[in-house]
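Only one structure is covered here, and it is reproduced in the block below.
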Amino acid sequence: MPELIAAPPGLEGVIAFDTEIAEPDVDGSALRYRGVDIEELVGVVPYEKVWGLLVDGSFEPGLPPAEPHPLTVRSGDPRVDLQAALALLAPEWGLRPLLDLDVVEAREQLARVAVMALSFVAQSARGPGRPPVPQAEVDRGRTIAERFLIRWRGQADPRAVRAIDAYWIAAAEHGMNASTFTARIVASTGADVAAALSAAVGALSGPLHGGAPSRVLRMLDEVEREGDATAYVRRVLDRGERLMGFGHRVYRAEDPRARVLRRTARELGSPRVEVAERLERAALEELAARKPDRVLATNVEFWSAVVLDTAGVPAELFTPMFACARVAGWSAHILEQKRSGRLIRPTARYVGPQRRSAAEVPGWN
Ligand code: ACO
């Protein structure tokens with residue numbers, strides 16, 4: 001029995017695994033996928049190549065197109081539909097537990113299931129009232145992002161394709177966050193890949209993780225209406241509230257994803273760029289003045305909101321879109337966990353009542 005070590009609350013600062021996939025460079029303001037800076041990838045390669053880089057360490061063969069498969073759950077909440085439909089793929093496709101697969105089989109099943117996440121979100125976005133886009137139309141898409149948009153809207157506007165590809169690549173992987181940790185825990189039990197991916201979607205759904213860049217859009221709306229960004233920022237901070245899209249738990253420099261997505265928004269001529277830059281300037285000035293001892297820079301959520309808005313993605317689809325991106329990182333970590341073959345099973349220190357009889361517990365009689 002190894003010596004027990006008490007971990008800090010929230011496991012902050014604990015190194016749980018060795019990984020070859022990625023880890024943010026928190027002081028250098030960089031994010032590298034298997035050593036490649038995201039600055040080199042965003043706007044250059046399509047998302048499916050980045051899935052390949054993260055999972056296989058190679059741009060080839062990448063992620064294949066999704067198989068034709070209807071969205072099987074329609075709850076009214078696209079995130080719930082995604083999580084449930086992914087889990088259902090195990091019985092539908094007869095997926096076997098990871099424990100019973102070799103690494104090649106596990107990789108194939110991951111690719112099959114992961115790409116369905118994107119198809120399910122596109123079908124959710126299209127809504128139950130509209131007939132599905134014929135498969136032959138979807139097959140005209142040359143990249144996964146094009147196919148996604150055709151499945152959703154019947155056509156793929158090039159600006160929306162570029163915006164979605166950029167967002168998916170920038171948000172594809174970010175080290176040991178809560179949903180990735182969840183995916184690894186489920187994979188470590190030897191469960192099937194659909195169970196691991198759907199559990200990760202559940203972890204992502206929490207407001208402390210999947211976030212809500214929709215709150216950034218509300219701020220932009222208000223500044224657009226009022227005109228004076230500095231006055232708006234001061235009012236929010238004077239009320240003791242936080243500015244959405246600023247600050248980060250791990251980065252002590254600018255969030256590199258904010259930087260690439262700002263560049264993308266400018267390149268795409270996003271209609272919100274002007275107001276976003278005005279708000280960003282005012283926020284950074286005011287935060288620096290009020291918190292001179294902290295680095296409070298723009299985080300990924302701020303420019304994600306602008307880029308997704310450029311692609312015409314409604315706020316209720318922001319979390320499912322995040323899942324479409326992060327399914328790449330989850331897949332890579334599930335495979336890495338499978339290779340390690342180790343069950344994740346920490347210990348808890350018991351701090352409950354001392355030994356007692358059942359009769360001492362309220363409600364016994
Ligand atoms: N606006 C105003 N003040 C802020 C902000 C902000 N966005 N972020 C931090 N601060 C202030 C805090 O009030 C605190 O001040 P105090 O020391 O006087 O109490 C100080 O900076 C440190 O704050 P912490 O909560 O310790 O910072 P932490 O690094 O733990 O929090 C977090 C990071 C949660 C992201 C925080 O910056 C925040 O709430 N930001 C706004 C919400 C947001 O943008 N969330 C998305 C994050 S990106 C992602 O999760 C993928």
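Hydrogens, waters and symmetry mates are skipped; everything else that's a heavy atom, side chains included, is used. Positions are given from 1, in the same order as the sequence printed here.
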(message) Let's go through Asp102 and Lys338 carefully: what are the C-alpha distance in whole Å and the side-chain angles of both, what is the deciding distance for salt bridge (charged side-chain N to carboxylate O under 4.0 Å, His left out) to 0.1 Å, and is it a yes or a no?
(response) CA-CA 9 Å; Asp102 62 31; Lys338 151 99 191 137; over 6 Å; no

(request) Scan side-chain atoms only and decide if Trp303 and Glu280 contain a donor-acceptor pair under the 3.5 Å cut-off. (result) yes

(request) For the residue pair Asp77 and Arg79, establish whether any side-chain heavy-atom pair is separated by less than 4.5 Å. (result) yes

(message) I want to check something: taking the side chain as every heavy atom from C-beta on, are Met244 and Arg218 in contact at a cut-off of under 4.5 Å?
(response) no

(request) Decide whether Glu336 and Ser340 meet the rule of one side-chain donor and one side-chain acceptor closer than 3.5 Å. (result) no

(message) With heavy-atom distances below 4.5 Å as the criterion, would you say the side chains of Phe148 and Tyr47 are in contact?
(response) no

(request) Return the minimal non-hydrogen interatomic distance between Leu101 and Gln109, and the atom names on each side. (result) CD1-OE1, 3.4 Å

(request) Flag the pair Arg147 / Leu118 as yes when at least one side-chain heavy-atom distance between them is below 4.5 Å, and no otherwise. (result) no

(message) Do Leu41 and Phe59 make a side-chain contact, defined as non-hydrogen atoms from C-beta onward lying under 4.5 Å apart?
(response) yes

(message) Taking Val300 as the starting point, is it possible to reach Ile169 by hopping between hydrophobic residues whose side chains are less than 4.5 Å apart?
(response) yes

(request) Specify the closest pair of heavy atoms between Val193 and Ala106, including all atoms of both residues, with the distance to one decimal. (result) CG1-O, 4.3 Å

(request) Test salt bridge (charged side-chain N to carboxylate O under 4.0 Å, His left out) on Glu254 and Arg262 and set out the steps. (result) CA-CA 12 Å; Glu254 185 178 42; Arg262 183 192 298 113; 2.6 Å; yes

(request) Keeping to residues at least two apart or across chains, list the side chain to side chain donor-acceptor pair (under 3.5 Å) pairs with something in residues 52-68. (result) Lys49-Glu60, Asp56-Arg107, Glu67-Arg112

(message) Below 30° counts as parallel, above 60° as perpendicular, anything between as tilted: where do the rings of Tyr251 and His174 land?
(response) tilted

(message) Please check this pair: side chain of Arg342 against backbone of Arg339, looking for a donor-acceptor N/O pair closer than 3.5 Å.
(response) no

(message) A side-chain contact here means heavy atoms from C-beta on lying under 4.5 Å apart; do Leu237 and Leu287 qualify?
(response) yes

(message) Can you tell whether the side chains of Glu285 and Arg281 come within less than 4.0 Å, N to carboxylate O?
(response) no

(request) Taking the six-membered ring for Trp and the full ring for Phe, Tyr or His, determine whether the centres of Phe120 and His69 are under 6.0 Å apart. (result) yes

(message) I'd like to know if the side chain of Arg151 and the backbone of Val133 have a donor-acceptor N/O pair within less than 3.5 Å.
(response) no

(request) Would you check if there is a donor-acceptor pair between the side chains of Asn177 and Ser179 at a distance under 3.5 Å? (result) yes

(request) Describe, in one word, how the ring planes of Phe246 and Phe302 are oriented to each other, choosing from parallel (under 30°), tilted (30 to 60°) and perpendicular (over 60°). (result) tilted

